[in-house]
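In what follows, a single structure is set out as structure tokens and then discussed.
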Amino acid sequence: MNPVKFTKYAGLAFLLAVSTLASAATVVKAPDLGNYWSPLSSSGTYTYANSFVAPVTGTITELGAWLSGGSSNLQYKVFGSIGGNASLGPDANALFASTNVMPGMSLGSLTFIDATSGISGGTVIAGTTYWFAATTVGLGGSGSYNVGGHTQNSGLIVDNGTFWYSNDPSGVNFDGQRLPPEMAFSVSVAAVPEPETYGMLLAGLGLLGFVLRRKAS
């Protein structure tokens, strides 16, 4: 093979593998209905949850929602579905990710509040339905939040997302369901590379090393 082409292909293989290793995807259901869902608080409706489909297999790196009002303490979580069936709603006992507790805020207008650090949790699987949750269960503080609403299936997201809420102080039982509209929120997932990606990276490194050795000889 022509040495120039050989070097080019080796470099491309390396860059493709590196870009795959660093890839991420975000599901954003932005507010388009103003302050729709209310009140989320430490003394009434304790948890709001909305479904989303994981865009890639990986770990969650960011969770956020659009809020106004306050000022109960707040936490974002990601739940699985009851029995693995999304139509049965969120399962608070199937915890996939959780943020640190955020102290109560007093927000005059709808504001995007996100967490990009202190997120603990496991891996989500591409194509599987999970639930973004904003919860005040057991966190203290006072005052209720309004949470932005998102028109179902808008913004090029067609997954028939569903909004559920819980009036259970323990946050285990979800006793309310609403189909349209959804809750506005954002979830980012950093992809976990497939084994073949590592193989591509090693192959690209090997090819580049071979070319450099030939040039040095």
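As the structure is a computational prediction, the values presented were derived from the model and not from experiment. When reading the values below, keep in mind they use all heavy atoms of this one structure, side chains included, and skip hydrogens, waters and symmetry mates.
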Starting from the C-alpha separation in whole Å, work towards a yes-or-no answer on side chain to side chain contact (heavy atoms under 4.5 Å, CB included) for Glu62 and Thr99.
CA-CA 9 Å; Glu62 180 265 353; Thr99 68; over 6 Å; no
Is there a side-chain contact between Ser98 and Ile119 (heavy atoms, below 4.5 Å)?
no
Can you tell if the side chain of Val137 reaches within under 4.5 Å of the side chain of Thr47, non-hydrogen atoms only?
yes
Is a donor on one side and an acceptor on the other found under 3.5 Å between the side chain of His150 and the backbone of Ala30?
yes
With a 4.5 Å cut-off on side-chain heavy atoms, are Leu107 and Asn146 touching?
no
Find out whether Leu63 and Ser186 are in side-chain contact, i.e. whether some heavy atom of one side chain is under 4.5 Å from a heavy atom of the other.
no
Are Phe79 and Phe96 near enough that their ring centres are under 6.0 Å apart?
no
Short side-chain to backbone donor-acceptor contact, Ser42 and Gly141, under 3.5 Å:
yes
Take Ser166 and Asp168, measure what side chain to side chain donor-acceptor pair (under 3.5 Å) needs, and give me the verdict at the end.
CA-CA 5 Å; Ser166 173; Asp168 173 15; 4.8 Å; no
Side chains of Ser72 and Tyr145, heavy atoms from C-beta outward: is any pair under 4.5 Å?
yes
Just checking Trp164 against Phe174, ring centres under 6.0 Å apart?
no
Are the ring centres of Tyr48 and Phe163 closer than 6.0 Å?
yes
Measure across Trp66 and Val28 and return the closest heavy-atom pair with its distance rounded to 0.1 Å.
CH2-CG1, 4.0 Å
Is there a donor-acceptor pair under 3.5 Å between the side chain of Asp91 and the backbone N or O of Ile82?
no
Using modelled atom types only, decide if a donor and an acceptor are shared between the side chain of Thr111 and the backbone of Ser109 within a distance under 3.5 Å.
yes
Nearest heavy-atom approach of Ala65 to Met183 is CB-CE, 4.3 Å
Do Leu74 and Thr135 pass the side chain to side chain contact (heavy atoms under 4.5 Å, CB included) test, and can you show the C-alpha distance, the side-chain angles, and the key distance before you say yes or no?
CA-CA 6 Å; Leu74 185 71; Thr135 181; over 6 Å; no
Kindly give the heavy-atom pair with the smallest separation between Val189 and Gly58, and that separation in Å.
CG1-C, 3.6 Å
Phe52 side chain near Thr129 side chain, heavy-atom distance below 4.5 Å
no
Do Thr45 and Thr136 come close enough that some side-chain heavy atom pair is under 4.5 Å?
no
Just by modelled atom types, is the Asn167 backbone N or O under 3.5 Å from a matching donor or acceptor in the Asp175 side chain?
yes
Which heavy atom of Thr57 sits nearest to which heavy atom of Ala126, and what is that distance?
OG1-N, 3.0 Å
Of all the heavy-atom pairs spanning Trp37 and Gly148, show the shortest one and how long it is.
CD1-O, 4.1 Å
Examine Phe112 and Leu110 and state if one hydrophobic cluster contains both, with Ile, Leu, Val, Met, Phe, Trp and Tyr joined whenever side-chain heavy atoms are less than 4.5 Å apart.
yes
Rounded distance [0.5 Å steps], OH in Tyr46 versus CG in Leu139
11.5 Å
Quick check on the hydrophobic clustering: are Val172 and Trp131 connected, directly or via other members, by side-chain heavy-atom contacts under 4.5 Å?
no
Donor-acceptor contact below 3.5 Å, side chain Ser81 vs main chain Pro90:
no
Taking the side chain as every heavy atom from C-beta outward, state whether Glu182 and Thr162 have any pair of such atoms under 4.5 Å apart.
no
May I ask you to check whether Tyr76 and Phe132 place their ring centers less than 6.0 Å from one another?
yes
Applying a strict under-4.5 Å side-chain criterion to I, L, V, M, F, W and Y, I'd like to know whether Val147 and Met102 cluster together.
yes
Which pair of heavy atoms, one from Pro103 and one from Val101, lies closest together, and at what distance?
CD-O, 3.8 Å
In terms of hydrophobic clusters joined by side-chain contacts under 4.5 Å, are Ile125 and Ile60 together?
yes
